[in-house]
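Heads up, the thing below is written out as structure tokens.
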Amino acid sequence: MPRSVLALLALAALVVIGALVWMLTRPGAEAPLDTEARIDSPYWSDADRLVDVDGVMARVRSEGPADAPVIVMVHGFSYSLESWDAWAADLSADYRVIRMDLPGHGLTGPDPQQRYSVPQTVEFLGNLLDELGLDHVTLAGNSLGGLVSWRLAAERPDLVDRLVLVAPGAYSINGVTEEPVAVPMGVSFYLTSAPEAMVAAASAGLFGDVSRMDPALPGRVHALMQTPGVGQALVERLEVFTLPDPSADLARVQAPALVLWGGRDVMIPVEQASRIAGDLPQAELITYDDLGHILHEEDPVRTIADVRAFLAQ
């Protein structure tokens with residue numbers, strides 16, 4: 001039996017067992033991190049700072065020359081700004097690279113006002129860029145981050161010059177349309193209480209070839225999901241998550257876009273790649289038959305080369 005199938009079976013068993021435990025030991029609400037706790041985290045760096053965005057204390061990391069063209073990188077659901085480490089390390093030689101933890105993620109932690117819908121996250125990103133004094137940026141986003149990025153480009157064409165979309169959200173998946181779907185008990189358990197072994201199994205499914213996964217990735221994702229209040233915030237985000245028909249909004253995007261997709265993506269079907277590239281007015285599509293959902297982490301060398309070629313146009 002293929003190892004990928006065995007991994008999925010093992011994950012399913014862990015979810016069932018964990019969900020039963022979660023029913024009996026359901027976590028309560030936790031207070032968000034204070035500033036000192038954030039800075040004391042092993043994931044805080046000297047390039048990080050906290051930026052107040054309408055009451056959300058967002059962790060923001062800025063690297064590269066201060067006067068260089070700006071690339072803003074937006075991570076996917078349940079991840080953090082570290083997802084972009086490889087791209088940032090390379091691109092910060094020539095660009096000012098800015099990353100953040102979205103509300104309800106990482107060391108930003110929960111939004112005191114629980115503003116987790118997609119439109120509210122788009123507004124957060126725009127307000128953050130305004131707070132940083134940025135008026136022309138390239139946005140790079142993966143999954144949820146890609147959805148938020150292209151929607152901000154549609155709303156604020158004056159702000160977004162170019163888009164790099166890595167398996168972005170757009171069309172309906174998992175039954176989600178203009179209405180959210182109920183969050184399964186097993187998913188709630190996973191987001192709030194999953195042991196690291198379960199996170200490792202789930203993370204493996206995001207790769208076309210699990211041997212390419214950084215061994216440190218599951219520990220990092222697990223630790224940051226355990227940031228006080230984050231797990232519950234992730235559940236609350238799913239409770240209001242919607243994917244209305246995006247075609248009309250995609251057509252409003254004026255920025256040239258590079259769309260990158262893995263042929264082994266099990267989160268968002270690769271069949272959506274040509275559809276979004278067709279709905280965007282100016283889009284170049286590159287697919288990688290052997291890569292999964294977080295292809296910027298799975299093969300940074302290959303994907304960075306394509307991004308650099310796009311940015312050089």
Taking C-beta and beyond as the side chain, do V240 and P180 meet within less than 4.5 Å on heavy atoms? no
Indicate the atoms forming the closest heavy-atom contact of L132 with R49, along with that distance. CD2-NH2, 3.0 Å
State the OG1-CG distance between T227 and L107, to the nearest 0.5 angstrom. 5.5 Å
I'd like to know if the side chain of S45 pairs up with that of D48 as donor and acceptor (distance under 3.5 Å, no hydrogens or angles considered). yes
Atom CD of residue position Q313 - does it have more than 12 heavy atoms of other residues, nucleotides or ligands inside 6.0 Å? yes
Would you indicate whether the side-chain heavy atoms of T138 and P69 approach each other to under 4.5 Å? no
Examine distances only and state if a side-chain atom of H222 and a backbone atom of M198 form a donor-acceptor pair shorter than 3.5 Å. no
Can you see which heavy atom on G104 is nearest to which on V230, and at what distance? O-CG1, 3.4 Å
Has the side chain of R61 got a donor or acceptor atom that lies under 3.5 Å from a matching backbone atom of A47? no
Please say yes or no: joined through hydrophobic side-chain contacts below 4.5 Å, possibly via intermediate residues, are V235 and V199 part of one cluster? yes
Does the pair D290/R302 count as a salt bridge with the N-to-O cut at 4.0 Å? yes
Tell me if a side-chain donor or acceptor on N127 pairs with a main-chain N or O of V53 at a distance below 3.5 Å. no
Measure the shortest side-chain to side-chain distance between L217 and I294 over non-hydrogen atoms and say whether it is less than 4.5 angstrom. yes
I'd like to know whether F124 forms a side chain to side chain contact (heavy atoms under 4.5 Å, CB included) with R115, so could you lay out the CA-CA distance, the side-chain angles of the two residues, the decisive distance to 0.1 Å, and finally the verdict. CA-CA 9 Å; F124 162 84; R115 293 165 291 186; over 6 Å; no
Closest heavy-atom pair, W150 versus G169, reported as atoms and distance to 0.1 Å, is NE1-O, 2.9 Å
Donor-acceptor contact below 3.5 Å, side chain R237 vs main chain S78: no
Connected via hydrophobic side-chain network under 4.5 Å: F189 and V187: yes
Do any N or O atoms from the side chain of R99 and from the backbone of L81 form a donor-acceptor pair under 3.5 angstrom? yes
Pairing of D214 and R220 as salt bridge, 4.0 angstrom limit: no
Hey, is the main chain of D101 close enough, under 3.5 Å, to the side chain of T108 for a donor-acceptor pair? yes
Working for side chain to side chain contact (heavy atoms under 4.5 Å, CB included), residues L91 and E63: CA-CA 9 Å; L91 293 170; E63 299 159 297; over 6 Å; no
Would you say V259 and V307 are hydrophobically clustered, going by side-chain heavy atoms of ILVMFWY under 4.5 Å? no
Donor-acceptor contact below 3.5 Å, side chain W261 vs main chain I268: yes
Please round to the nearest 0.5 Å and tell me the distance separating atom CE of M225 and atom CG of L191. 5.0 Å
About how many Å separate OG1 of T35 and CG of D40, when rounded to the nearest 0.5 Å? 10.5 Å
Heavy atoms, side chains only, cut-off 4.5 Å: are W87 and E297 in contact? no
With a 4.5 Å heavy-atom cut-off, do D249 and R151 have their side chains touching? yes
Could you check whether any side-chain heavy atom of L260 comes within less than 4.5 Å of a side-chain heavy atom of L291, counting everything from C-beta outward? no
Membership question, hydrophobic clusters at under 4.5 Å side-chain separation (ILVMFWY): are L159 and V118 in the same one? yes
Less than 3.5 Å apart, any donor N or O on the side chain of Y171 or D279 sitting next to an acceptor on the other? yes
Evaluate side-chain hydrogen bond (donor to acceptor under 3.5 Å, both in side chains) for Y288 paired with D306, printing each intermediate quantity in order. CA-CA 11 Å; Y288 309 84; D306 289 328; 2.7 Å; yes
Residues at least two apart in sequence or cross-chain that pass ring-ring contact (aromatic ring centres under 6.0 Å, His included) with H293, listed by chain then number, are none
Atom CH2 in W44, atom CG in L50: separation rounded to 0.5 Å? 3.5 Å
Taking side chain as C-beta onward, heavy atoms only, is L102 less than 4.5 Å from L144? yes
Nearest 0.5 Å please: distance from the CG atom of L128 over to the CG atom of L152. 10.5 Å
Closest heavy-atom pair and its distance - V74, S149: CG2-OG, 3.7 Å
With side chain to side chain contact (heavy atoms under 4.5 Å, CB included) as the test, would you mind laying out the steps for F241 and V183 before giving the verdict? CA-CA 10 Å; F241 183 67; V183 182; over 6 Å; no
Examine distances only and state if a side-chain atom of Q282 and a backbone atom of Q254 form a donor-acceptor pair shorter than 3.5 Å. yes
Between the side chain of E298 and the main-chain N/O of G208, is any donor-acceptor distance below 3.5 Å? yes
For a 4.5 angstrom cut-off between non-hydrogen side-chain atoms, does P110 reach Y116? yes
So CD of E179 and OG of S172: to nearest 0.5 Å the spacing works out to 12.0 Å
Quick check: W84 with H75 (ring centres under 6.0 Å apart)? no
Verify the cluster assignment for V253 and V164: are they in a single hydrophobic cluster under the rule of side-chain heavy atoms below 4.5 Å apart? no
Under 3.5 Å, is there a donor-acceptor pair between the side chain of D245 and the main chain of S247? yes
With side chain to side chain contact (heavy atoms under 4.5 Å, CB included) as the criterion, how do V60 and I98 come out once you've worked through the C-alpha distance, each side chain's angles and the decisive distance to 0.1 Å? CA-CA 7 Å; V60 177; I98 295 175; 3.9 Å; yes
Please report the shortest heavy-atom distance between S203 and M213, naming the atom on each side. CB-SD, 3.9 Å
Is any side-chain N of the basic residue among R212 and D299 closer than 4.0 Å to the acidic one's carboxylate O? no
What heavy-atom pair brings R252 and E155 nearest, and what distance separates the two atoms? NH2-OE2, 3.1 Å
